[in-house]
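So the structure is just underneath, and the comments pick up after that.
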Amino acid sequence: MHDLRWIRENPDAFDRGLVRRGLPARAEEILAIDREWRGLETEAQESQATRNRLSREIGAAKSRGEPIDELLRQVEGRKQAETATAAKAAELRQQIDELVATLPNLPAPDVPDGPDESANKEIRRHGEPPRFNFDPLPHEVIGEKLGLMDFPRAARLSGSRFVVLKGALARLERAIAQFMLDLHTGEFGYTEIAPPYLVRDEAVFGTGQLPKQAEDMFRTTDDTGGLWLIPTSEVPLTNLVAGEILDEAALPLRFTAWTPCFRSEAGAAGRDTRGMIRMHQFSKVELVSVTRSEDSQAEHERMTGCAEEVLKRLGLPYRVMLLSTGDMGFAAQKTYDLEVWLPAQDTYREISSCSNCGAFQAQRMKARYRPSGGKGTQPVHTLNGSGLAIGRTMIAIIENFQRHDGTVAIPEALQPYMGGQQVIAGNG
RNA sequence: GGAGGGGUGGCCGAGUGGUUGAAGGCGCACGCCUGGAGAGCGUGUAUACGGGCAACCGUAUCGCGGGUUCGAAUCCCGCUCCCUCCGCCA
């Protein structure tokens with residue numbers, strides 16, 4: 001959510017940000033309603049001040065035993081006009097809020113302009129794509145040949161975009177997640193969280209998936225009014241600080257969680273239909289940081305580094321992309337995607353997305369901190385990143401470490417989590 | 001699922017219609033006191049919005065939303081969350 005006062009003071013910068021996002025300028029429209037609202041607001045408040053004063057006088061007169069008829073006459077009729085003014089003001093304010101709530105965060109200055117992912121900028125690469133003396137197979141073929149990845153049965157249970165993993169691959173999912181959690185908690189100072197997977201409207205509004213991306217999520221329909229299945233644990237982790245006023249000394253907060261994620265993939269019909277690239281349900285280790293405003297840029301680099309370290313230790317080749325204005329998510333002001341090499345697709349595919357949301361989410365969820373020394377409060381900055389998506393990590397391992405005989409080597413870093421197993425050879 | 005109880009400031013805790021944004025206590029900050037510390041004393045200590053260059057002024061907020069009233073933390077209605085007991089249950 002954008003700070004209305006900031007828009008008032010910086011209407012041009014606001015519009016420039018929207019235009020860079022490929023959206024029309026809106027400042028003039030917003031500020032016109034804002035001017036009208038403020039006029040009515042002031043009017044209503046002044047009227048109320050008068051009425052409050054008269055009411056106090058009535059109380060005082062009554063306690064002295066004096067007549068109050070004259071005072072009652074003065075206050076009479078006042079209420080109606082005031083209520084109408086206040087109602088109109090509230091209506092305008094709601095109009096502003098609803099309009100502003102649909103506008104995405106503004107891109108940071110160093111974000112490249114562009115209509116889509118074609119304008120993304122490669123920042124760096126790490127590792128060399130492996131060379132094979134045979135044609136590398138896609139992960140789903142390897143998994144099915146090993147008898148450890150079952151799409152038909154998953155479809156029978158749940159339809160398309162689901163998978164059943166068995167034996168060593170089921171264990172591999174757990175191993176990957178544990179390895180990531182241990183790294184982030186043990187070496188990078190993140191606190192492990194086990195959050196709810198079902199959340200209310202306010203939480204999803206806070207991180208910005210509502211109101212615009214409702215169709216990308218699943219919602220329960222129980223009689224309590226319905227809850228959203230989290231599309232990412234960014235939602236519960238970030239909303240941990242919703243509505244709070246934090247001590248400056250408590251920052252930064254760093255949270256990590258291993259959770260399932262649920263996405264309807266409504267807009268992705270026909271894309272990535274083979275394999276486990278795009279599932280309705282996948283698991284992910286998420287990283288979330290809550291920082292002071294002046295620290296979020298450095299934290300963004302740090303967080304991206306934490307996610308990269310996972311790929312480095314697994315020996316997976318990847319590149320870091322700085323997303324363009326056209327490819328960034330709603331709440332982000334700047335995003336790095338980590339893309340891992342997938343031999344069968346002969347390309348890099350997204351495996352992590354690390355975003356600095358600045359004050360955008362904080363303002364939506366009213367999360368602030370009290371700067372020590374200074375007065376008042378200011379919104380925290382929030383960041384989130386995958387560290388990493390488990391399913392896609394598994395895909396990358398299977399494809400990059402496949403061998404001519406159809407078996408898959410387990411990266412050394414994961415072997416302790418696989419009971420010392422070094423190779424996945426099928427039948428568990 | 002059934003029955004009952006309760007949500008007041010950073011915390012505890014008063015308060016059933018009239019200077020109550022809210023007593024009192026704790027905590028915290030600053031000052032005084034002290035050789036220093038403690039005790040003691042004094043002052044201060046919410047958030048949001050509007051107006052103002054500012055000092056400051058105003059409005060709202062006692063779980064949330066609505067209603068009654070000249071006036072609501074206090075009365076009424078709806079919702080929500082928490083707690084206790086019973087039942088059920090991983």
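First the proteins, then the strands, lettered A, B, ... as listed; each starts at 1. This structure is a prediction, so every number in the text was calculated from the model and none was measured.
Using a 4.0 Å heavy-atom cutoff across all strands shown, A/Arg5 reaches sugar-phosphate atoms only and no base atom. Contact annotation for A/Ile245: backbone-only contact, meaning every heavy-atom pair under 4.0 Å involves sugar-phosphate atoms and none involves a base. No engagement by A/Arg53 is indicated, since no non-hydrogen atom pair under 4.0 Å with the nucleic acid exists.
Among residues at least two apart or in separate chains, there is no ring pair (Phe, Tyr, Trp, His ring centres under 6.0 Å) pair with a member in residues 235-266 of chain A. Applying the ring pair (Phe, Tyr, Trp, His ring centres under 6.0 Å) test to every pair with at least one member in residues 263-282 of chain A, sequence neighbours left out, gives these pairs: A/Phe162-A/His280, A/Phe218-A/His280.
The pairing partner recorded for B/C75 is B/G67, the criterion being a Watson-Crick or G-U wobble arrangement whose two distances lie under 3.5 angstrom. Searching all strands for a Watson-Crick or G-U wobble partner of B/G87 with both distances below 3.5 Å returns nothing. Searching all strands for a Watson-Crick or G-U wobble partner of B/C32 with both distances below 3.5 Å returns B/G40. With both pairing distances under 3.5 Å, B/C49 is matched to B/G58 as a Watson-Crick or G-U wobble pair.
With rounding to the nearest 0.5 Å, the separation of CD in A/Gln48 from CD in A/Glu82 is 4.5 Å.
Ranked by how close their nearest RNA chain B nucleotide is to the 5' end, A/Ala60 and A/Asp34 are led by A/Ala60.
The pair A/Asp34-A/Arg5 does not meet the salt-bridge criterion, since no charged nitrogen lies less than 4.0 angstrom from a carboxylate oxygen.
With sequence neighbours excluded, the residues that form a side chain to side chain contact (heavy atoms under 4.5 Å, CB included) with A/Pro231 are A/Gln209, A/Met217, A/Val235, A/Arg263. Under the rule for a side-chain hydrogen bond (donor to acceptor under 3.5 Å, both in side chains), A/Arg271 has no partner lying at least two apart in sequence or in another chain.
One interatomic measurement links the two molecules: CZ of A/Arg370 to P of B/U45, which rounds to 13 Å at whole-angstrom precision. Rounded to an integer number of Å, the gap from A/Glu41 CD to B/A60 C1' is 9 Å. Between the P atom of B/C49 and the CH2 atom of A/Trp6 lies a distance of 17 Å, rounded to the nearest Å. Note: CZ (A/Arg93) to P (B/A48) measures 13 Å, nearest angstrom. The nearest whole Å value for the distance from the CZ atom in A/Arg368 to the P atom in B/A46 is 14 Å.
Residue A/Leu253 forms a side-chain contact (heavy atoms from CB on, under 4.5 Å) with just one option from A/Leu237, A/Val288, A/Thr191, A/Leu246, and that option is A/Leu246.
Between B/G18 and B/G10, the distance separating the two P atoms is 26 Å to the nearest Å. When the C1' atom is compared between B/A22 and B/U16, the two are found 15 Å apart, to the nearest whole Å.
Among the nucleotides B/G58, B/U47, B/C81, the one closest to the side chain of A/Ala49 is B/G58.
Checked against the 6.0 Å centroid criterion, the rings of A/His2 and A/Phe360 qualify as a close aromatic pair.
In terms of phosphate contacts, A/Gln48 brings a side-chain nitrogen or oxygen within less than 4.0 Å of OP1 or OP2 of B/A60.
Judged by the 6.0 Å distance and 45° axis criteria, A/Arg364 is positioned over the aromatic ring of A/Phe205.
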Polar atom pairs (N or O), protein with nucleotides 51-54 of chain B, under 3.5 Å:
residue: B/G51; atom: OP1; partner: A/Arg38; partner atom: NH1; Å: 3.0

Report each atom pair, protein N/O against N/O of nucleotides 65-71 of chain B, whose distance is under 3.5 angstrom.
residue: B/C70; atom: O2'; partner: A/Ser55; partner atom: OG; Å: 2.9
residue: B/G71; atom: OP1; partner: A/Arg51; partner atom: NH1; Å: 3.3
residue: B/G71; atom: OP1; partner: A/Lys79; partner atom: NZ; Å: 2.9
residue: B/G71; atom: O4'; partner: A/Ser55; partner atom: OG; Å: 3.2

Candidate pair A/Thr185 and A/Glu192, rule side-chain hydrogen bond (donor to acceptor under 3.5 Å, both in side chains), full reasoning:
CA-CA 7 Å; A/Thr185 58; A/Glu192 184 170 351; 5.2 Å; no
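Judged by distance alone, with hydrogens and angles left aside, A/Gln45 brings a side-chain donor or acceptor within reach of the base of B/G58, the pair sitting under 3.5 Å.
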